[in-house]
**Q** 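Input: one structure, supplied below.
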Amino acid sequence: DPEKFDNPEQKRFFRNIDYENSKEKIFLFNTDRMDFKTTLVNLNCFVGVAAGFRPLLILKRCGFYEDTVVKYIDYSSVSLKFRKWIVENWDGRNIEEATNGFSRFIGREIYWLKSAHDTFDGNYQKMIQEFGGYDSWINFWNEYRKLKHEYHEIDIVQDTPKIKSLLEPAGLNYLYFSNCFNTEAGLVKWGKTKLKNQLKFLLTDLKDIPVIVDGS
């Protein structure tokens, strides 16, 4: 409980990494690296957390079909709502239009998370370069928005068995869970042993599924 601390800095720190408070924040940009390499083969199904632009880069670098399904999972309902909103409403051209438009849509200010020491637009411009430049990004975004999307409010740590049911038994799946099993909020709430055991369970559960698993 953050309120048990007398030191205001300690209070603030533990409020910021509180498991329930974390659900109200949206990762506008990923804090993990974007210069990753992946398998150059079209995906039939992508399942991933609703965080930043890395899910889009995965699809860009792997490739996809017209009937590829994108399934977002997250314990944050507001992150899922944002993901759905930008797919349906944003043209991909101005990141502030996305943040301001969604804030108006949901009727309140949002706590946006991004990589440190840069502005929203600075992060956005770096992301565009990972897509091969502005024109390449816009072309990708327009094609990506045509795909079928699903949004599932699932806590991957607590609801690990549900993940397998989202993957396609045939074709190639990609599961991206980022650092869900290694967050400060998760470590405080669950402890390292439970997080490691849940990750082991997930990997064992998926051993017969054609899936690329990506996360730390």
Side-chain angles (χ1 to χ4, degrees), residues 26-74 76 79-93 95 98 123-154 156 159-181 199 201-216:
I26 297 177
F27 278 91
L28 184 60
F29 297 97
N30 301 90
T31 53
D32 40 357
R33 295 178 60 167
M34 296 292 102
D35 59 345
F36 60 90
K37 290 181 171 53
T38 191
T39 307
L40 297 175
V41 57
N42 285 4
L43 303 175
N44 299 92
C45 176
F46 172 85
V47 177
V49 292
F53 286 85
R54 186 172 170 125
L56 308 181
L57 270 175
I58 291 168
L59 285 160
K60 165 76 171 172
R61 290 173 181 169
C62 285
F64 52 88
Y65 304 102
E66 288 184 0
D67 60 351
T68 296
V69 182
V70 179
K71 302 178 183 182
Y72 285 109
I73 54 173
D74 217 284
S76 167
S79 294
L80 293 169
K81 287 174 184 174
F82 174 65
R83 189 64 45 164
K84 186 173 189 292
W85 189 89
I86 59 171
V87 168
E88 295 176 353
N89 296 280
W90 185 45
D91 63 6
R93 297 181 184 278
I95 195 64
N123 278 270
Y124 177 64
Q125 296 302 326
K126 288 177 183 176
M127 182 276 298
I128 284 174
Q129 294 312 306
E130 295 293 343
F131 280 88
Y134 186 76
D135 290 341
S136 178
W137 155 246
I138 294 299
N139 288 337
F140 167 82
W141 180 249
N142 289 334
E143 291 304 308
Y144 162 80
R145 292 175 72 189
K146 298 175 186 175
L147 299 178
K148 180 183 177 183
H149 288 75
E150 297 178 8
Y151 307 89
H152 301 269
E153 190 172 344
I154 291 175
I156 193 170
D159 304 323
T160 306
K162 293 181 180 178
I163 304 305
K164 185 175 182 179
S165 67
L166 296 177
L167 300 175
E168 302 294 329
L172 181 60
N173 298 274
Y174 198 112
L175 172 63
Y176 167 60
F177 60 79
S178 186
N179 65 338
C180 285
F181 295 94
L199 177 55
F201 175 85
L202 175 64
L203 297 177
T204 302
D205 202 33
L206 301 182
K207 62 182 173 53
D208 297 323
I209 300 286
V211 57
I212 300 168
V213 180
D214 179 4
S216 62

**Q** How long is the gap from CG on L56 to CD on E130, to the nearest 0.5 Å?
**A** 12.5 Å
**Q** Report yes or no: does W141 contribute a side-chain atom to a donor-acceptor pair with the main-chain N or O of R93 at less than 3.5 Å?
**A** no
**Q** For D74 and V49, indicate whether the former's side chain and the latter's backbone hold a donor-acceptor pair under 3.5 Å.
**A** no
**Q** Is there a donor-acceptor pair under 3.5 Å between the side chain of N89 and the backbone N or O of W85?
**A** yes
**Q** If you measure from CZ on F46 to SG on C62, what distance do you get to the nearest 0.5 Å?
**A** 9.0 Å
**Q** Work out which heavy atom in R83 is nearest to a heavy atom in A50; give both atom names and the distance.
**A** NH2-C, 3.6 Å
**Q** Spell out, as yes or no, whether a donor-acceptor pair under 3.5 Å connects the side chain of N44 to the backbone of N173.
**A** no
**Q** Could you label the plane-to-plane angle of the Y72 and H149 rings as parallel, tilted or perpendicular, counting under 30° as parallel and over 60° as perpendicular?
**A** parallel
**Q** For E88, does the CD atom sit with more than 12 other heavy atoms under 6.0 Å from it, leaving out its own atoms?
**A** yes
**Q** For E143 and F64, which heavy atoms make the closest approach, and how far apart are they?
**A** CB-CZ, 4.4 Å
**Q** Mind checking whether T68 and N42 have side chains closer than 4.5 Å, heavy atoms only?
**A** no
**Q** So, do W137 and Y134 have ring centers that fall under 6.0 Å from each other?
**A** no
**Q** Are side-chain heavy atoms of T160 and D205 found at a separation under 4.5 Å?
**A** no
**Q** Can you tell me how far the NZ atom of K126 sits from the CD atom of Q129, to the nearest 0.5 Å?
**A** 11.0 Å
**Q** Heavy atoms, side chains only, cut-off 4.5 Å: are Q125 and I128 in contact?
**A** yes
**Q** Over all heavy atoms of both residues, which pair between I86 and A98 is shortest? Give the atoms and the distance, please.
**A** CG2-CB, 4.2 Å
**Q** Side-chain donor-acceptor pairs under 3.5 Å in residues 206-216, sequence neighbours left out?
**A**
| from | atom 1 | to | atom 2 | distance (Å) |
| --- | --- | --- | --- | --- |
| D214 | OD1 | R54 | NH2 | 3.4 |
| D214 | OD2 | R54 | NH2 | 3.1 |
| D214 | OD2 | Y174 | OH | 2.8 |

**Q** Using only atom types and a distance under 3.5 Å, with no angle test, would you say the side chain of K60 pairs donor to acceptor with the backbone of F140?
**A** no
**Q** As an exercise, state the distance from CG of L175 to NZ of K164, rounded to the nearest 0.5 Å.
**A** 13.0 Å
**Q** Taking the side chain as every heavy atom from C-beta outward, state whether I95 and F29 have any atom pair closer than 4.5 Å.
**A** yes
**Q** Which distance, rounded to the nearest 0.5 Å, do you find between the CG of L43 and the CD1 of I58?
**A** 8.5 Å
**Q** Between P55 and A51, what is the shortest heavy-atom contact and its length?
**A** CD-O, 3.3 Å
**Q** Can I73 and F177 be said to form a side-chain contact (heavy atoms from CB on, under 4.5 Å), step by step?
**A** CA-CA 9 Å; I73 54 173; F177 60 79; 5.9 Å; no
**Q** Given the rule in the side-chain contact (heavy atoms from CB on, under 4.5 Å) test, do L28 and Y124 qualify, once you have shown the distances and angles that lead to the verdict?
**A** CA-CA 9 Å; L28 184 60; Y124 177 64; over 6 Å; no
**Q** Report the distance from atom CG of L80 to atom CZ of F82, rounding to the nearest 0.5 Å.
**A** 12.0 Å
**Q** Evaluate whether atom CZ of F53 has more than 12 neighbouring non-hydrogen atoms of other residues, nucleotides or ligands under 6.0 angstrom away.
**A** yes
